[in-house]
Amino acid sequence: MTEIAKAYEPHSVEQRWYPLWEERGYFKPQGDGPIYTITIPPPNVTGSLHIGHALCYTIHDVLLRWKRMQGHRVLCVPGTDHAGIATQNVVEKELRKQGLSRHDIGREAFIERVWEWVREYGGRILFQLRGLGCSFEWGRTRFTMDEGYVNAVMECFVRWWEAGLIYRGKRVINWCPRCSTAISDIEVEHEDRAGKLYHLRYPFKDGSGYVVVATTRPETMLGDTAVAVNPSDERYKDKVGKTLVLPLVGREIPLIADYYAKSEFGSGAVKVTPAHDLNDYEAGQRNNLPMVVVIDEQGRMNETAGPNYAGLDRFEARERVMQDLEAAGLVEKVEDYTVPTALCARCHTVIEPLLSEQWFVKMKELAQPAIDVVKEGRVEFVPDRFGRTYLDWMENIRDWTISRQLWWGHRIPVWHTEDGEYIVARSEAEAQAKANGRAITQDEDVLDTWFSSQLWPHAVLGWPEKTDDLDTYYPTSVLITARDIIYLWVARMIMTGLDFVGEIPFSDVYIYATVLDEQGRRQSKSLGTGVDPLEVTALYGTDALRFALLIRCAKGQDIRFAQIRENRQPQVEEARNFANKIWNATRFVLMNLGDATQVEAKWEPSDALADRWILAELNATIEQVTAALKDYRLNEAAQTLYHFFWDEFCDWYIEFSKTQFAAKEETAEVRAARNRIVYVLETSLRLLHPLMPFITEELWQRLPHQGEAIMVAAWPEADQSRDDREAREQMETLIALITKVRNIRSVMNLPVAAWLQVHLATTDERAKSLVTANAEQFKRLARVEAIHVSDALPPLDDAARDVVTGVEIAVPFGGLIDKKKERERVSKEIARKENEVKGMQARLANPSFVDRAPREVVEQTRARHDELMGEIQKLQETLKALGA
RNA sequence: GGGCGGUUAGCUCAGCGGUAGAGCAUCGGUCUUACAAACCGGGGGCCACUGGUUCGAACCCAGUACCGCCCACCA
């Protein structure tokens, strides 16, 4: 027997197995079983591993390993996303340290800088995933800007252009002044902020008074081109059509009627700034209003805003405008007000709605088939409620702003001719050819990052080329992702998959839990509430982190995950303890194999109760774990295994069969016992392997086994014939009896070391033979010297008594019994049983329960009731004998 | 303003129609030769509230309260 450490030491084990698995090609598709494919959500190249990633990719790996063991031909394609804005920001920040802006070095040099950065750091996060044990096919790793992928993006743009789905237009879009780019509607976050509502007076040109308008953004008044009131608003009936003079600017603007103005808000009149507000823009369109742009792309007032304001930041301008209006006596009042504020999801800068020329995709047409496949159940969300949120959004989908005023990304494949025509082509050469000698310049903008990631499942498999991979592995099996990108990403992949490949990209969408901090807030680096998974694994090992996350991974439920304090994280500690338990149980078995070459993981038939019982429990465990994994109930799989391994296998089976398999002799019986325990252990390790790959591989390799690695061993299959209800019931009784004796010892303060005498009395022959057949184990586990079984207890003065499942127990003391303590104990026991009986009596007395409840339930209740009554009676006799 | 979750033992959470569960914490006892990261035993819950359906509800339905997400153009 090889030496084995007293405690599980994860780090060396992890380092040993991962490279071996990879070298042996286990991460590549193997064999010719059914196909199982996952394409991972590509993390941003700027990303470093956080706890959410750890959860996401652990779930991936669990499913991959499980399916692989089930004989599937498994492929998981990893990769990274170029993450336009995020990556550009990172590199710009680096430049700034050298006192440079991207404009100083120019577009080409800047992009080269970003590429350098990506080459150096872009693979870091994928590297970290190896540490988590992820069995991904690294040979097929993709990047959303690698050569082939660019082709896919260009292809998509060109096809959509040709289909008339892409257009260019001037509209009010969400502009982030800090990122200085347009962003799409779903990249905007909304937040209520404390602000003011300003009531301003706009005088009529003819001197007949003024109209009061309310606004939260007075600086935009410089761009007003009308004031609107509701057509049905009586107050303004005779004033609509009159001319107002815009304060501070002097521009004459009309008072118009438009349904957009709500009579009940403020004075019922709303100022209209078509160039700086989406609603105003639409009102402007309806009423042919001019659009006056007064704020620039940096969020500063421009020339048009007038000499007093030009160059001021929008928030400074707000103050200046209010001062000037105040001075002119045009401020009616200013109230505190909660302002719904739009923020850039990336940098939390206040969004500036800006009139701007951008590229858009028409979504309605694309959305319809993607709505249908979810409605028809061809794509299923887990938990299914996310299917409904998906449909809600898809049914109200709006056009998508795809252009970004950035340098890092896929440059829009549109070339402008001098005469204002757009040439859309897959490459510059193709554009040149189409231009017929006209001079062309490429559009300056790049595409939204999600424009490329929407193609992920088919693009990573080779699309638009017709590759074998695409043929073989598409559609993929499941998409595992976070709920905050259902719209940004999931919806769009379904649309492009259907549009370009003609088939759904995946049949299941598993939305996993969001990992929160202790207070239930989203984990955030800036708040310092984030937990670094690498710190956790350094402390407790990878398997412990995986298991800690998985056992909390209830369907759709968020996970609160505590920070590490004083080098401890209790949630992971629990999992580490479990790993250690697995380690030591295996260690114990290994220490007692005798001539190990004679041992194999094989179930030897046995009539012994514990053997029958553990086989039945193991079988049930296989069944439950398999079903749970199939249903993405990962926490249940983890919990079931934890319970089986610790409570049933370690606490009872090992203890029960110790003397047999750990015997010194090498008899056939001993070998059979060894085969059995190795069989149960080996099977347990297989079941645990997808969740805890490293420790299971390490231990499995040390056990007698067949095959080269547990990673490629077969997943255990349940076998109906191994269920054994009788054994499970009997074992339950036996455990209850042993526990009761231990309980008496403990409560009555009997010395732990003392070997007790135990009298058991019952007229139930089965119970009697249960005890006599397992007397050896009973004695050892309850520390009993002799068990005396009879029909009725002999008269014993100095004994503690109890009764369990109809069996009376008496434990004589060596000396005098502490009658007071014993009375207490027995009274408590009676009270407990009476309490239980009370409920049953009420039910049994209720005729409609007896009539209407299933007969089985009624009989069960009656039987239990009678049993309890008998037990109570015995206990009362005991109590009487104690002199109560 | 709409939609969706959550509310169960001191803490973190499972359970989702037939007598309340786990881990941690707590209390008592153990170096019982696999494991003190362990073992054995104990205590601790009107399952947020109010109604309803049911023989029976933590679990199903309706509503209330408080927490948290998502969506939404009300100045």
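Because only heavy atoms are used, hydrogens play no part in the values below, and waters and symmetry mates are left out as well, while side chains stay in. Every chain is numbered from 1, with letters handed out A, B, ... down the list of sequences.
Taking only side-chain nitrogens and oxygens, Asn584(A) never comes nearer than 4.0 Å to OP1 or OP2 of A38(B). Phosphate contact (OP1/OP2 of G43(B), side-chain N/O of Arg832(A), threshold under 4.0 Å): present. Phosphate contact (OP1/OP2 of A38(B), side-chain N/O of Asn577(A), threshold under 4.0 Å): present. Considering only side-chain N and O atoms, Arg483(A) lies nowhere under 4.0 angstrom from the phosphate OP1 or OP2 of C4(B).
Judged by closest nucleotide on RNA chain B, Ser746(A) is the one of Ser746(A) and Ser848(A) placed further toward the 5' end.
If you measure from atom CD of Gln639(A) to atom P of G15(B), you get 8 Å, rounded to the nearest angstrom.
Atom NZ of Lys262(A) has more than 12 neighbouring heavy atoms from other residues, nucleotides or ligands inside a 6.0 Å radius.
Applying the Watson-Crick and G-U wobble criteria (two distances, each under 3.5 Å), C39(B) pairs with G29(B).
Closest to the side chain of Ala554(A), out of A14(B), G18(B), G41(B), is A14(B). The side chain of Gln557(A) lies closest to G5(B), out of U19(B), G41(B), G5(B).
Not a single donor-acceptor contact under 3.5 angstrom links the side-chain atoms of Arg780(A) to the base of U32(B). Contact of Glu574(A) with A22(B) (side chain to base): no donor-acceptor pair of N or O atoms is detected under 3.5 Å. Residue side chain Lys6(A) does not reach the base of C35(B) through any donor-acceptor N/O pair under 3.5 Å, judged by distance alone.
Rounded to whole Å, the separation between the C1' atoms of A58(B) and U7(B) comes to 11 Å. C39(B) and A22(B) are spaced 14 Å apart, taking the P atom of each and rounding to whole Å.
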